[in-house]
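Given the structure is predicted, the values throughout are model-derived calculations rather than measurements.
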Amino acid sequence: MKRNNLSVVNKVVQSSPAVKQPKLGLYSSLNQTHVYTVLLDWGSLPHHVVLRVFQYLPLIDRARASSVCRRWNEVFHIPDLWRKFEFELNQSATSYLNSTHPDLIQQIIKKHAAHLQYVSFKVDSSTESAEAACDILSQLVNCSVQTLGLISTAKPSFMNVSKSHFVSALTVVFVNSKSLSSVKIEDTPVDNPSLKILVANNSDTLRHLKMSSCPHVSSDGILCVADHCQGLRELALNYYMLSDELLLALSSETHVNLEHLRIDVVSQNPGQIEFHSIKKQSWDALTKHSPGVNVVMYFFLYEEELETFFREETPVTHLYFGRSVSKAVLGQIGLNCPRLIELVVCANGFQALDDELICIAEHCKNLTALGLSECEVSCSAFIEFVRLCGRRLTQLSVMEEVLIPDGDHSLDEIHTEVSKCLGRMWFPDVMPLW
(Lines give C-alpha, C1' and ligand atoms only; values in the text may rest on other atoms or scores of the structure.)
Protein backbone atom coordinates (compact mmCIF):
# COMPACT_ATOMS: atom_id res chain seq x y z
CA MET A 1 0.00 0.00 0.00
CA LYS A 2 1.40 3.39 -0.98
CA ARG A 3 1.10 6.40 1.20
CA ASN A 4 -1.25 9.07 -0.03
CA ASN A 5 0.60 12.25 -0.86
CA LEU A 6 -1.03 14.66 1.57
CA SER A 7 2.15 16.48 2.51
CA VAL A 8 1.26 20.01 1.50
CA VAL A 9 -2.03 21.80 1.20
CA ASN A 10 -1.92 25.49 0.20
CA LYS A 11 -4.84 27.55 1.20
CA VAL A 12 -5.05 30.93 -0.51
CA VAL A 13 -7.49 33.40 0.94
CA GLN A 14 -8.33 36.37 -1.26
CA SER A 15 -9.29 39.52 0.60
CA SER A 16 -12.58 40.99 -0.33
CA PRO A 17 -12.26 44.66 -1.42
CA ALA A 18 -15.56 45.44 0.27
CA VAL A 19 -14.29 44.43 3.69
CA LYS A 20 -11.48 46.24 5.43
CA GLN A 21 -8.82 43.77 6.49
CA PRO A 22 -7.01 44.30 9.78
CA LYS A 23 -3.24 44.61 9.84
CA LEU A 24 -1.47 41.38 10.57
CA GLY A 25 1.94 42.62 11.66
CA LEU A 26 4.60 40.58 9.87
CA TYR A 27 2.10 39.34 7.31
CA SER A 28 0.87 42.84 6.37
CA SER A 29 3.55 42.87 3.69
CA LEU A 30 1.46 40.32 1.76
CA ASN A 31 -1.11 43.09 1.28
CA GLN A 32 -4.51 41.52 0.67
CA THR A 33 -3.39 37.94 -0.10
CA HIS A 34 -2.50 35.51 2.69
CA VAL A 35 -0.99 32.09 2.07
CA TYR A 36 -1.17 29.40 4.74
CA THR A 37 0.79 26.20 4.36
CA VAL A 38 -0.45 23.21 6.38
CA LEU A 39 1.63 20.09 6.67
CA LEU A 40 -0.42 16.91 6.73
CA ASP A 41 2.27 14.28 6.49
CA TRP A 42 0.69 11.21 8.14
CA GLY A 43 4.06 9.52 8.26
CA SER A 44 5.38 12.19 10.63
CA LEU A 45 2.76 11.62 13.32
CA PRO A 46 4.35 10.87 16.73
CA HIS A 47 4.72 7.19 17.60
CA HIS A 48 2.37 7.41 20.57
CA VAL A 49 -0.43 8.82 18.38
CA VAL A 50 -0.09 6.11 15.75
CA LEU A 51 0.14 3.50 18.50
CA ARG A 52 -3.17 4.67 19.97
CA VAL A 53 -4.82 4.45 16.55
CA PHE A 54 -3.37 1.00 15.88
CA GLN A 55 -4.81 -0.30 19.16
CA TYR A 56 -8.33 0.25 17.79
CA LEU A 57 -7.68 -1.55 14.50
CA PRO A 58 -8.44 -5.22 13.78
CA LEU A 59 -5.30 -7.24 13.22
CA ILE A 60 -5.67 -7.45 9.43
CA ASP A 61 -6.06 -3.65 9.13
CA ARG A 62 -3.16 -3.15 11.51
CA ALA A 63 -0.95 -5.34 9.32
CA ARG A 64 -1.96 -3.47 6.17
CA ALA A 65 -1.31 -0.12 7.82
CA SER A 66 2.19 -1.26 8.78
CA SER A 67 3.13 -1.31 5.09
CA VAL A 68 2.22 2.35 4.54
CA CYS A 69 5.60 3.71 5.62
CA ARG A 70 8.66 2.91 7.68
CA ARG A 71 7.52 4.82 10.77
CA TRP A 72 4.19 2.99 10.86
CA ASN A 73 6.01 -0.29 10.47
CA GLU A 74 8.16 0.63 13.48
CA VAL A 75 4.99 1.24 15.52
CA PHE A 76 3.63 -2.13 14.36
CA HIS A 77 6.51 -3.83 16.20
CA ILE A 78 6.35 -1.80 19.43
CA PRO A 79 5.83 -4.28 22.34
CA ASP A 80 3.02 -2.18 23.86
CA LEU A 81 0.88 -2.92 20.80
CA TRP A 82 1.01 -6.65 21.44
CA ARG A 83 0.29 -6.80 25.16
CA LYS A 84 -3.42 -7.30 24.53
CA PHE A 85 -4.70 -9.53 21.76
CA GLU A 86 -7.80 -11.55 20.90
CA PHE A 87 -7.49 -14.53 18.59
CA GLU A 88 -10.71 -15.01 16.60
CA LEU A 89 -10.96 -18.56 15.29
CA ASN A 90 -13.95 -19.40 13.12
CA GLN A 91 -14.73 -21.74 10.26
CA SER A 92 -15.84 -19.71 7.25
CA ALA A 93 -18.27 -22.45 6.17
CA THR A 94 -20.21 -22.37 9.43
CA SER A 95 -19.63 -18.86 10.85
CA TYR A 96 -20.14 -15.30 9.66
CA LEU A 97 -17.57 -13.95 12.14
CA ASN A 98 -14.14 -12.75 11.11
CA SER A 99 -11.19 -15.00 11.70
CA THR A 100 -7.55 -14.19 12.40
CA HIS A 101 -5.48 -15.19 9.35
CA PRO A 102 -3.18 -18.19 9.98
CA ASP A 103 -0.14 -16.34 8.59
CA LEU A 104 -0.69 -13.47 11.00
CA ILE A 105 -1.08 -15.92 13.88
CA GLN A 106 2.29 -17.44 13.10
CA GLN A 107 3.86 -13.98 12.87
CA ILE A 108 2.46 -13.11 16.31
CA ILE A 109 3.77 -16.33 17.84
CA LYS A 110 7.18 -15.92 16.23
CA LYS A 111 7.78 -12.22 16.89
CA HIS A 112 5.43 -11.07 19.64
CA ALA A 113 4.67 -14.01 21.93
CA ALA A 114 7.05 -12.64 24.56
CA HIS A 115 5.04 -9.40 24.68
CA LEU A 116 1.57 -10.95 25.13
CA GLN A 117 0.03 -10.22 28.52
CA TYR A 118 -3.75 -10.10 27.99
CA VAL A 119 -4.84 -12.93 25.70
CA SER A 120 -8.27 -14.25 24.78
CA PHE A 121 -9.48 -16.83 22.32
CA LYS A 122 -12.92 -16.42 20.77
CA VAL A 123 -14.06 -19.53 18.92
CA ASP A 124 -17.26 -20.54 17.14
CA SER A 125 -19.18 -23.78 17.64
CA SER A 126 -16.86 -25.95 15.56
CA THR A 127 -14.43 -28.41 17.09
CA GLU A 128 -11.81 -27.35 14.50
CA SER A 129 -11.74 -23.80 15.90
CA ALA A 130 -11.32 -25.03 19.47
CA GLU A 131 -8.50 -27.35 18.39
CA ALA A 132 -6.81 -24.45 16.60
CA ALA A 133 -6.97 -22.46 19.85
CA CYS A 134 -5.29 -25.35 21.68
CA ASP A 135 -2.56 -25.49 19.03
CA ILE A 136 -1.81 -21.79 19.60
CA LEU A 137 -1.84 -22.20 23.38
CA SER A 138 0.72 -24.99 23.15
CA GLN A 139 3.11 -22.63 21.32
CA LEU A 140 3.04 -19.85 23.93
CA VAL A 141 6.15 -21.09 25.70
CA ASN A 142 7.96 -17.74 25.92
CA CYS A 143 5.08 -15.62 27.18
CA SER A 144 4.21 -13.89 30.43
CA VAL A 145 0.45 -13.89 30.15
CA GLN A 146 -1.44 -12.15 32.96
CA THR A 147 -5.00 -12.57 31.68
CA LEU A 148 -6.27 -15.61 29.79
CA GLY A 149 -9.79 -16.06 28.46
CA LEU A 150 -11.30 -18.93 26.48
CA ILE A 151 -14.65 -17.88 25.01
CA SER A 152 -17.12 -19.99 23.03
CA THR A 153 -19.46 -17.72 21.08
CA ALA A 154 -22.03 -20.51 20.58
CA LYS A 155 -22.15 -23.97 22.10
CA PRO A 156 -19.13 -24.93 24.25
CA SER A 157 -16.86 -26.22 21.47
CA PHE A 158 -13.88 -26.74 23.82
CA MET A 159 -15.79 -29.64 25.37
CA ASN A 160 -15.52 -31.49 22.05
CA VAL A 161 -11.71 -31.33 22.06
CA SER A 162 -9.72 -34.27 23.36
CA LYS A 163 -9.28 -33.75 27.11
CA SER A 164 -5.59 -34.65 26.96
CA HIS A 165 -5.01 -32.24 24.07
CA PHE A 166 -6.76 -29.38 25.88
CA VAL A 167 -5.09 -29.95 29.24
CA SER A 168 -1.64 -30.30 27.64
CA ALA A 169 -2.04 -26.99 25.78
CA LEU A 170 -3.48 -25.14 28.79
CA THR A 171 -0.74 -26.24 31.17
CA VAL A 172 1.88 -24.81 28.77
CA VAL A 173 0.54 -21.36 29.64
CA PHE A 174 0.10 -22.22 33.32
CA VAL A 175 3.73 -23.34 33.61
CA ASN A 176 5.42 -20.65 31.54
CA SER A 177 3.47 -17.53 32.54
CA LYS A 178 4.04 -17.60 36.33
CA SER A 179 2.15 -14.30 36.65
CA LEU A 180 -1.46 -15.14 35.76
CA SER A 181 -3.90 -12.89 37.59
CA SER A 182 -7.15 -13.60 35.71
CA VAL A 183 -8.25 -16.89 34.16
CA LYS A 184 -11.58 -17.55 32.41
CA ILE A 185 -11.88 -21.22 31.41
CA GLU A 186 -15.61 -21.87 31.59
CA ASP A 187 -17.19 -24.69 29.57
CA THR A 188 -13.85 -26.49 29.14
CA PRO A 189 -12.44 -29.94 30.02
CA VAL A 190 -9.97 -28.53 32.55
CA ASP A 191 -9.38 -31.01 35.41
CA ASN A 192 -8.03 -31.16 38.96
CA PRO A 193 -4.37 -31.95 38.02
CA SER A 194 -4.20 -28.95 35.68
CA LEU A 195 -5.58 -26.72 38.45
CA LYS A 196 -2.78 -27.93 40.70
CA ILE A 197 -0.29 -26.85 38.02
CA LEU A 198 -2.01 -23.46 37.84
CA VAL A 199 -1.69 -23.07 41.60
CA ALA A 200 1.91 -24.30 41.74
CA ASN A 201 3.07 -21.65 39.27
CA ASN A 202 0.70 -18.71 39.86
CA SER A 203 -0.53 -18.86 43.46
CA ASP A 204 0.95 -15.47 44.35
CA THR A 205 -0.65 -13.59 41.45
CA LEU A 206 -4.03 -15.26 40.78
CA ARG A 207 -6.90 -12.87 41.60
CA HIS A 208 -9.81 -13.86 39.34
CA LEU A 209 -10.87 -17.39 38.38
CA LYS A 210 -14.00 -18.18 36.35
CA MET A 211 -14.63 -21.87 35.73
CA SER A 212 -18.33 -22.66 35.66
CA SER A 213 -19.45 -25.75 33.73
CA CYS A 214 -16.16 -27.63 34.04
CA PRO A 215 -17.37 -31.21 34.67
CA HIS A 216 -13.89 -32.66 35.25
CA VAL A 217 -13.20 -30.37 38.24
CA SER A 218 -14.41 -31.55 41.63
CA SER A 219 -14.89 -29.72 44.90
CA ASP A 220 -11.41 -30.94 45.92
CA GLY A 221 -9.90 -29.24 42.89
CA ILE A 222 -11.43 -25.86 43.61
CA LEU A 223 -10.58 -26.25 47.31
CA CYS A 224 -6.91 -26.62 46.31
CA VAL A 225 -7.12 -23.24 44.57
CA ALA A 226 -8.70 -21.55 47.60
CA ASP A 227 -6.16 -23.06 49.99
CA HIS A 228 -3.09 -21.83 48.09
CA CYS A 229 -4.22 -18.68 46.26
CA GLN A 230 -4.62 -16.36 49.22
CA GLY A 231 -5.07 -13.29 47.00
CA LEU A 232 -8.12 -14.64 45.16
CA ARG A 233 -10.79 -11.95 44.97
CA GLU A 234 -13.26 -13.30 42.39
CA LEU A 235 -14.45 -16.86 41.89
CA ALA A 236 -17.09 -18.29 39.54
CA LEU A 237 -18.07 -21.96 39.76
CA ASN A 238 -20.94 -24.43 39.64
CA TYR A 239 -22.93 -25.23 42.75
CA TYR A 240 -21.72 -28.83 42.87
CA MET A 241 -18.18 -27.50 43.52
CA LEU A 242 -19.36 -25.37 46.45
CA SER A 243 -18.77 -26.86 49.89
CA ASP A 244 -18.55 -25.85 53.52
CA GLU A 245 -14.80 -26.52 53.36
CA LEU A 246 -14.42 -24.13 50.41
CA LEU A 247 -16.25 -21.29 52.16
CA LEU A 248 -14.16 -21.80 55.30
CA ALA A 249 -10.95 -21.77 53.23
CA LEU A 250 -12.03 -18.48 51.63
CA SER A 251 -12.68 -17.15 55.14
CA SER A 252 -9.30 -17.98 56.65
CA GLU A 253 -7.28 -15.22 58.30
CA THR A 254 -4.55 -15.42 55.66
CA HIS A 255 -6.98 -15.04 52.76
CA VAL A 256 -7.78 -11.59 51.36
CA ASN A 257 -11.37 -10.37 51.36
CA LEU A 258 -13.33 -12.06 48.61
CA GLU A 259 -15.18 -9.50 46.47
CA HIS A 260 -17.27 -11.58 44.09
CA LEU A 261 -18.56 -15.16 44.30
CA ARG A 262 -20.68 -16.33 41.36
CA ILE A 263 -22.51 -19.66 41.60
CA ASP A 264 -24.31 -21.29 38.67
CA VAL A 265 -26.93 -23.74 39.91
CA VAL A 266 -27.71 -26.35 37.26
CA SER A 267 -28.63 -30.03 37.34
CA GLN A 268 -25.47 -32.09 37.25
CA ASN A 269 -27.42 -35.12 36.06
CA PRO A 270 -30.73 -35.36 34.14
CA GLY A 271 -33.62 -35.68 36.55
CA GLN A 272 -31.59 -34.55 39.56
CA ILE A 273 -33.82 -33.20 42.31
CA GLU A 274 -31.73 -33.43 45.47
CA PHE A 275 -28.93 -30.87 45.99
CA HIS A 276 -26.52 -30.71 48.89
CA SER A 277 -27.00 -27.87 51.38
CA ILE A 278 -24.49 -25.40 52.76
CA LYS A 279 -24.44 -24.77 56.50
CA LYS A 280 -25.40 -21.35 57.80
CA GLN A 281 -22.19 -21.31 59.87
CA SER A 282 -20.12 -21.54 56.68
CA TRP A 283 -21.96 -18.65 55.06
CA ASP A 284 -21.61 -16.62 58.26
CA ALA A 285 -17.85 -17.24 58.29
CA LEU A 286 -17.57 -15.92 54.72
CA THR A 287 -19.57 -12.74 55.33
CA LYS A 288 -17.74 -12.07 58.60
CA HIS A 289 -14.37 -12.32 56.87
CA SER A 290 -15.53 -10.53 53.67
CA PRO A 291 -18.50 -8.33 54.68
CA GLY A 292 -18.68 -6.65 51.29
CA VAL A 293 -18.69 -9.82 49.18
CA ASN A 294 -21.23 -10.07 46.36
CA VAL A 295 -22.74 -13.55 46.26
CA VAL A 296 -24.37 -13.98 42.86
CA MET A 297 -26.51 -17.05 42.10
CA TYR A 298 -27.90 -18.04 38.70
CA PHE A 299 -30.58 -20.72 38.87
CA PHE A 300 -31.41 -22.89 35.86
CA LEU A 301 -33.68 -25.34 37.65
CA TYR A 302 -37.35 -26.31 37.62
CA GLU A 303 -39.66 -25.60 40.54
CA GLU A 304 -39.36 -29.04 42.12
CA GLU A 305 -35.55 -28.78 42.09
CA LEU A 306 -35.47 -25.59 44.19
CA GLU A 307 -36.78 -27.06 47.44
CA THR A 308 -33.29 -27.43 48.96
CA PHE A 309 -32.49 -23.74 48.76
CA PHE A 310 -33.26 -20.77 51.03
CA ARG A 311 -34.53 -22.81 53.96
CA GLU A 312 -31.99 -21.00 56.14
CA GLU A 313 -30.53 -17.54 55.96
CA THR A 314 -28.40 -17.20 52.83
CA PRO A 315 -26.16 -14.16 52.18
CA VAL A 316 -26.95 -13.98 48.45
CA THR A 317 -26.90 -10.46 46.99
CA HIS A 318 -27.92 -11.06 43.35
CA LEU A 319 -30.50 -13.70 42.34
CA TYR A 320 -31.39 -14.67 38.77
CA PHE A 321 -33.99 -17.33 37.98
CA GLY A 322 -33.80 -18.46 34.37
CA ARG A 323 -36.76 -20.83 34.74
CA SER A 324 -39.98 -20.94 36.72
CA VAL A 325 -39.77 -20.34 40.47
CA SER A 326 -42.59 -21.14 42.89
CA LYS A 327 -44.41 -18.79 45.25
CA ALA A 328 -43.06 -20.79 48.21
CA VAL A 329 -39.43 -20.25 47.19
CA LEU A 330 -39.98 -16.52 46.64
CA GLY A 331 -41.55 -16.33 50.09
CA GLN A 332 -38.48 -18.01 51.61
CA ILE A 333 -36.26 -15.53 49.78
CA GLY A 334 -38.10 -12.66 51.43
CA LEU A 335 -37.52 -14.18 54.87
CA ASN A 336 -33.99 -15.59 54.49
CA CYS A 337 -32.08 -13.29 52.10
CA PRO A 338 -31.58 -10.01 54.00
CA ARG A 339 -28.53 -9.02 51.88
CA LEU A 340 -30.45 -9.22 48.58
CA ILE A 341 -29.65 -6.35 46.19
CA GLU A 342 -31.01 -7.56 42.85
CA LEU A 343 -33.75 -10.04 41.95
CA VAL A 344 -34.72 -11.22 38.44
CA VAL A 345 -37.63 -13.62 37.93
CA CYS A 346 -38.02 -14.77 34.33
CA ALA A 347 -41.08 -16.95 34.89
CA ASN A 348 -43.51 -17.99 37.60
CA GLY A 349 -46.78 -19.06 36.04
CA PHE A 350 -50.18 -17.61 36.72
CA GLN A 351 -50.24 -17.31 40.51
CA ALA A 352 -50.09 -13.71 41.70
CA LEU A 353 -46.92 -12.86 43.63
CA ASP A 354 -48.47 -10.05 45.67
CA ASP A 355 -47.64 -11.26 49.19
CA GLU A 356 -44.18 -12.54 48.18
CA LEU A 357 -43.10 -9.22 46.64
CA ILE A 358 -44.31 -7.21 49.62
CA CYS A 359 -42.48 -9.60 51.97
CA ILE A 360 -39.28 -9.09 49.96
CA ALA A 361 -39.69 -5.31 50.10
CA GLU A 362 -40.21 -5.39 53.88
CA HIS A 363 -37.28 -7.68 54.73
CA CYS A 364 -34.69 -7.06 51.99
CA LYS A 365 -33.67 -3.53 52.93
CA ASN A 366 -30.78 -3.45 50.43
CA LEU A 367 -32.89 -4.30 47.37
CA THR A 368 -32.20 -1.80 44.57
CA ALA A 369 -33.08 -3.74 41.38
CA LEU A 370 -36.01 -5.91 40.27
CA GLY A 371 -36.83 -7.62 36.98
CA LEU A 372 -40.11 -9.48 36.34
CA SER A 373 -41.30 -11.39 33.27
CA GLU A 374 -43.92 -14.10 32.62
CA CYS A 375 -45.50 -13.84 36.06
CA GLU A 376 -48.40 -11.93 37.59
CA VAL A 377 -48.65 -9.13 40.18
CA SER A 378 -51.69 -7.01 40.89
CA CYS A 379 -51.27 -3.29 40.24
CA SER A 380 -52.07 -2.44 43.87
CA ALA A 381 -49.48 -4.88 45.26
CA PHE A 382 -46.87 -3.64 42.82
CA ILE A 383 -47.43 -0.02 43.83
CA GLU A 384 -47.17 -1.03 47.49
CA PHE A 385 -43.92 -2.87 46.76
CA VAL A 386 -42.45 0.22 45.10
CA ARG A 387 -43.68 2.45 47.93
CA LEU A 388 -41.93 0.24 50.51
CA CYS A 389 -38.66 0.25 48.56
CA GLY A 390 -38.83 3.92 47.68
CA ARG A 391 -36.10 5.70 45.77
CA ARG A 392 -33.46 3.11 46.58
CA LEU A 393 -35.09 1.07 43.78
CA THR A 394 -32.77 2.34 41.03
CA GLN A 395 -33.51 -0.38 38.46
CA LEU A 396 -37.05 -1.55 37.79
CA SER A 397 -37.73 -3.62 34.68
CA VAL A 398 -41.22 -5.13 34.60
CA MET A 399 -43.08 -6.33 31.52
CA GLU A 400 -46.48 -4.72 31.04
CA GLU A 401 -48.27 -8.09 30.86
CA VAL A 402 -47.01 -8.89 34.39
CA LEU A 403 -49.21 -6.18 35.92
CA ILE A 404 -52.85 -7.18 36.50
CA PRO A 405 -55.43 -4.38 36.90
CA ASP A 406 -57.58 -4.56 40.03
CA GLY A 407 -60.34 -2.56 41.65
CA ASP A 408 -58.00 0.20 42.82
CA HIS A 409 -55.57 0.75 39.93
CA SER A 410 -55.50 0.28 36.19
CA LEU A 411 -52.60 0.00 33.76
CA ASP A 412 -53.28 3.54 32.52
CA GLU A 413 -52.52 5.07 35.91
CA ILE A 414 -49.89 2.72 37.34
CA HIS A 415 -46.95 4.56 35.78
CA THR A 416 -48.05 7.77 37.50
CA GLU A 417 -48.22 6.18 40.95
CA VAL A 418 -44.92 4.34 40.54
CA SER A 419 -43.20 7.46 39.20
CA LYS A 420 -44.27 9.37 42.33
CA CYS A 421 -42.72 6.73 44.59
CA LEU A 422 -39.49 6.56 42.62
CA GLY A 423 -39.10 10.30 42.16
CA ARG A 424 -38.55 9.82 38.42
CA MET A 425 -40.52 8.93 35.32
CA TRP A 426 -41.24 5.20 34.97
CA PHE A 427 -43.14 3.04 32.50
CA PRO A 428 -43.49 -0.75 32.28
CA ASP A 429 -41.57 -2.51 29.55
CA VAL A 430 -43.44 -3.46 26.39
CA MET A 431 -42.67 -6.41 24.14
CA PRO A 432 -41.88 -4.97 20.68
CA LEU A 433 -44.02 -6.09 17.74
CA TRP A 434 -41.81 -7.03 14.82
When you check the side-chain N and O atoms of [X] and [Y], is any donor under 3.5 Å from an acceptor?
X      : Y      : result
Ser324 : Glu303 : yes
Ser138 : Asp135 : no
Asp124 : Ser129 : yes
Gln230 : Thr254 : yes
Asp187 : Ser152 : no
Ser177 : Ser179 : no
Thr317 : Glu342 : no
Asp264 : Ser212 : yes

Exercise for the section: Fit a plane to each ring of Phe299 and Phe321, take the angle between them on a 0 to 90° scale, and name the class: parallel (under 30°), tilted (30 to 60°) or perpendicular (over 60°). Expected result: parallel
Exercise for the section: Give the ring-plane orientation class for Trp82 versus Phe85, where under 30° counts as parallel, over 60° as perpendicular and anything between as tilted. Expected result: tilted
Please determine whether the number of non-hydrogen atoms from other residues, nucleotides or ligands lying under 6.0 Å from atom [atom1] of [X] exceeds 12.
X      : atom1 : value
Lys84  : NZ    : no
His228 : NE2   : no
Arg52  : CZ    : no
Lys111 : NZ    : no
Phe300 : CZ    : yes
Asn142 : CG    : no
Lys163 : NZ    : yes

Practice task
Tell me, please, whether Tyr302 has Arg323 positioned over its six-membered ring: NZ or CZ under 6.0 Å from the ring centre and within 45 degrees of its axis?
Solution key: yes
Problem - Stacked cation flag Arg64 on Trp72, 6.0 angstrom / 45 deg - result: no
Determine whether a donor-acceptor pair (N or O, by modelled atom type, separation under 3.5 Å) exists between the side chain of [X] and the backbone of [Y].
X      : Y      : value
His363 : Cys359 : yes
Asn202 : Thr205 : no
Ser373 : Gly371 : no
Asp244 : Lys279 : yes
Arg424 : Thr394 : yes

Problem - N-O pairing of Asp284 and Lys280 below 4.0 Å - result: yes
Practice task
Could you tell me which residues satisfy side chain to side chain donor-acceptor pair (under 3.5 Å) with Asp429, sequence neighbours excluded, listed by chain and number?
Solution key: Ser397
Handout entry: For Ile222, the option from Leu242, Leu209, Asn192 that meets side-chain contact (heavy atoms from CB on, under 4.5 Å)
Key = Leu209
Exercise for the section: For residues Trp426 and Phe382, establish whether the separation of their ring centroids is below 6.0 Å. Expected result: yes
Handout entry: Tyr239 and His276 aromatic centres sub-6.0 Å
Key = yes
Practice task
Report yes if some heavy atom in the side chain of Asn176 is under 4.5 Å from a heavy atom in the side chain of Asn201; otherwise report no.
Solution key: no
Problem - Close side-chain approach of Ile333 and Phe309, heavy atoms under 4.5 Å - result: no
Practice task
Give the C-alpha distance, both sets of side-chain angles, the deciding distance and a yes or no for salt bridge (Lys or Arg N to Asp or Glu O under 4.0 Å) between Arg387 and Glu384.
Solution key: CA-CA 5 Å; Arg387 186 190 67 78; Glu384 177 64 11; 2.6 Å; yes
Handout entry: Pair listing, ring pair (Phe, Tyr, Trp, His ring centres under 6.0 Å) test, anchored in residues 144-185, at least two apart
Key = Phe158-Phe166
Handout entry: salt bridge (Lys or Arg N to Asp or Glu O under 4.0 Å) between Glu86 and Lys122, worked out
Key = CA-CA 7 Å; Glu86 181 176 80; Lys122 184 182 290 185; 3.7 Å; yes
Practice task
Write down the atom of Thr147, the atom of Val145, and the distance for their closest heavy-atom approach.
Solution key: O-CG1, 3.2 Å
Practice task
To the nearest 0.5 angstrom, please state how far the OG atom of Ser181 sits from the CG atom of Asp204.
Solution key: 12.5 Å
Fill in the blank from the handout: Test salt bridge (Lys or Arg N to Asp or Glu O under 4.0 Å), reference Glu234, set Lys184, Lys210, Arg207, output is Lys210
Handout entry: Derivation of the side chain to side chain contact (heavy atoms under 4.5 Å, CB included) call for Leu367 and Arg392
Key = CA-CA 7 Å; Leu367 188 71; Arg392 62 179 167 89; 3.6 Å; yes
